[in-house]
Structures are given as C-alpha cells and as structure tokens.
Number of protein chains: 2
Amino acid sequence: MRGLTGVSLADLAEAVGLSKSGIFKHFDSKEDMHMAVVEAVMDRFAEVIWKPAEALTPGRERLEVIFERWLHWAEEEWPDSGCPVTALSVELDDQPGPLRDLLHKRLQGWRKTMVREFRALRDPPLSEAEAQAAYFQMKSFVLGHSDSRRMMGDDDAKRSANAAFEALLDRTCRAAA
Amino acid sequence: MRGLTGVSLADLAEAVGLSKSGIFKHFDSKEDMHMAVVEAVMDRFAEVIWKPAEALTPGRERLEVIFERWLHWAEEEWPDSGCPVTALSVELDDQPGPLRDLLHKRLQGWRKTMVREFRALRDPPLSEAEAQAAYFQMKSFVLGHSDSRRMMGDDDAKRSANAAFEALLDRTCRAAA
DNA sequence: TAGAAAAGAGCACGACCGGTCGCTAAATTC
DNA sequence: GAATTTAGCGACCGGTCGTGCTCTTTTCTA
C-alpha cells in the first residue's frame, strides 16, 4: 500500500480528473482530506460488514456473517491495496494527532459493538473479559488472513481463518459459565 | 510508522551524521538501501527471536520462548515505530519487485521453520496441515497483539495474546492424532 | 613514505511536493 | 434578470526529493 502520505495531490487530481487547485475547493488542506478519507473508509466498513448482519438476531449466526463479510471486505472490496483499515492503523498508530484520534474513536466504537455481540453468543452471556478475549482472537484472525494471503501468497488463507474462527466460536459457546 | 518511502535521504543523513552524498558511497541507490534494510531487519529478527530458542529442544517450551520473544521484539525492540516486519509486509505486499521478493523469501523461510517447530510439538508429530493451521493462529495473535496495543491502546494486549497462544498450544497438544 | 583507494563534503540538477493566486464560467439566490 | 456564490483552471511559489559531479580528506597498502 502507498498510505495516505504516499498519495500526492497530483496523483489524486489525475485519478479524479481534476486539477490540483480544483481539489482545494473541496478540502482546505491535505490533512483535511485525510480526515475525510478516514471517515469515508470507516463508513464504508460499517456498510459492508455490519449492515448485512444487522437484520439477524444477536448470536452465533450473526457473528459468522460479520466474520465472513470482514474477510470479504479485505479480499474483494480492496483487492489491490489491501484492507485500508489495517493500512491506516499501521500508518497512524504512532502518529499522534487528530487523524489518529479519529481512527481510534471509530475503531473503539466498532470494538465495543463486537464485544457486545460476543457477550450475546451464549446464554448466560459471556463475561466482559471473555467477550474481549474472543474479539481479540477474531480480529487477530482477520489480520492473519490478510497477511497470509497478501504477503505470503497463501491461497488457503480464507480457509485457515474460517477454521480458526469456527473453532473459536465452538469453544466459546462450550465454555462453562 | 513512516515506512521505507517515508524516510528521505536527508532524514537518514541527519540521523547517521553524514551528508546526503556521503551516503551514496555506501549504497548505489535508495532501492539498494531498502534491500539492505530488509536484510538487516530480518537478520535482527532471527537473532532476537530464534537465537534464544535455539538451545532448547523442539517442543512446547521452545515455542513458548519464541512467542514470548516475538512479542518482546515488537514491544520492546521497536517501542516507537512498531514491528518493522509488519510494517514492511503492509507496505510491500502490493509492490511487486525485488524488494518484495526478498522479504517474501525471508518470511517463507521463517514460516517453514515455525511449521517444523509445530510439527514437533506432539508425539506423534502434527500433520503438515495441522502445523500450518497452528502457525497461522500464532502469527495472527502476534499481529493482533501489535494492533491491540498500538492502535487500540490496550495495555492488556500481551496478556490476551499469551492466553490465546497458551490455549492454542493446549488444544493442539491434546488433539487426537 | 608515496601513492592508491575509499569515505565524505559541497553543490547543482530536474522533478515533484503541498499550497496560493487570480481568473473564468456555471450555478444558485435574491 | 442581476448579483453572488461555487467549481474549476493554469501559473506559480518556496521547498524537498533522489541523484550525479567534483573536490578534499582520511585510510590502507606496497
């Protein structure tokens, strides 16, 4: 990936068919643009991943749909660049400022949502700690999937990730209350 | 992180106390430098993570040491920038060329080593597929650990990763042959 | 110790960087 | 229909980019 810093105004101008100066009628600065990019990416993330699951009732099936959509998002929605959420995280995690803060806020919101989903996986509900541990693993498998597929060229990455996630759901459901 | 592209020759020159042109007596081009960076990073990776485990016999304890060193590597060896292997992977996974090829080769070598380690975790040894699945999860937890700690600000990330890894070892040892 | 070779400094280059300016033309509002 | 806002353009700014060239200084070797 090229990252936010790796895309110049000239690149962008050519891509959208505008002049550099034309772009500045829509954004005050490059950082202003970057903020809009983060917002747009996270909005799209929610639409692609959360929306299809919204209709379902909380529980295992919903989590399975979310996980499937999450892999799909990275694999099909961004076949060239790779998942922009991961890219933004790696690029911004040591760059303090409003941009990182915005991404952090959106990701925390998502995390909170997902922990809630995991709590509802079992009756009686999982403890907060159990749900957090489960989400940690879920997100790990998403990251592992991208790494395996993109960097290691592993065509079975999706299968590996799915198997790991299914096993995670199995043992999380089964765990004693 | 700033990435290879994000570090200019002027930055580097200042950091090492040389002039820009002075640097060119050691490297033919910036790409030549990048190759050396990838080599150096992977050499250091092996030294920090593999070397302390080398003395041990293959098996669970060795894997535990490797995992501990791997987390340590990301957390203590690179407290500011984050794990450079992850950074390089994300930066280069869609940039075909000798640089990506070099990183790919070194990472494949590491993967092969680790899969071998996992096979030796049990007697009778794990199948190739089982060992690959286990390594997929191990690497996922490493990635999850960095993401949780650096982007999400989770101080318990190490604990979460360790718990997940121990559980992985448990059920991998226990699995029927 | 003379001379070669290596390490480094200084400078200049063309290309590109993010950003501003003044202008035009289209759209919107009054 | 006049006035004002908006979208967009090309030219241009000061700076930085990677890199080549020449010259000096250090270091190694015969």
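In this structure, the CG atom of B/D32 is 14 Å from the C1' atom of D/dG18, given to the nearest Å. Spacing between atom CZ of A/F24 and atom C1' of D/dC13 amounts to 13 Å, rounded to whole angstrom units. Across the protein-nucleic acid pair, A/K30 atom NZ and C/dT20 atom P stand 14 Å apart, rounded to whole Å. The distance between atom CG of B/L9 and atom P of C/dG10, rounded to the nearest whole Å, is 17 Å. The CD-C1' distance, from A/E14 to C/dC16, rounds to 14 Å in whole Å.
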Original post:
What is the per-nucleotide protein-contact pattern of nucleotides 3-10 of chain D, from the 5' end, where B denotes a base atom under 4.0 Å from a protein heavy atom, S denotes such proximity for sugar-phosphate atoms only, and - denotes neither?
Top reply: ----BBBB

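Using a 4.0 Å heavy-atom criterion, one finds that B/V7 contacts the sugar-phosphate atoms exclusively.
Ion pairing of B/R44 with B/E47 is present here, as a side-chain N (NZ or NE/NH1/NH2) and a carboxylate O approach within less than 4.0 Å. Ion pair B/R119/B/E130 not flagged as a salt bridge, since none of the NZ, NE, NH1 or NH2 atoms sits closer than 4.0 Å to an Asp/Glu carboxylate oxygen. In this structure, B/D93 does not pair ionically with B/R100, as no charged nitrogen and carboxylate oxygen lie closer than 4.0 Å.
Closest-nucleotide positions on DNA chain D for B/D28 and B/D11 were compared, and the one nearer the 5' end corresponds to B/D11.
Remark: the backbone N or O of B/L4 is paired with a side-chain donor or acceptor of B/E91 at under 3.5 angstrom.
Residue pairs meeting the salt bridge (Lys or Arg N to Asp or Glu O under 4.0 Å) criterion with at least one member in residues 4-25 of chain A, sequence neighbours excluded, are A/R2-A/D11.
Under the rule for a side chain to side chain donor-acceptor pair (under 3.5 Å), A/N162 has no partner lying at least two apart in sequence or in another chain.
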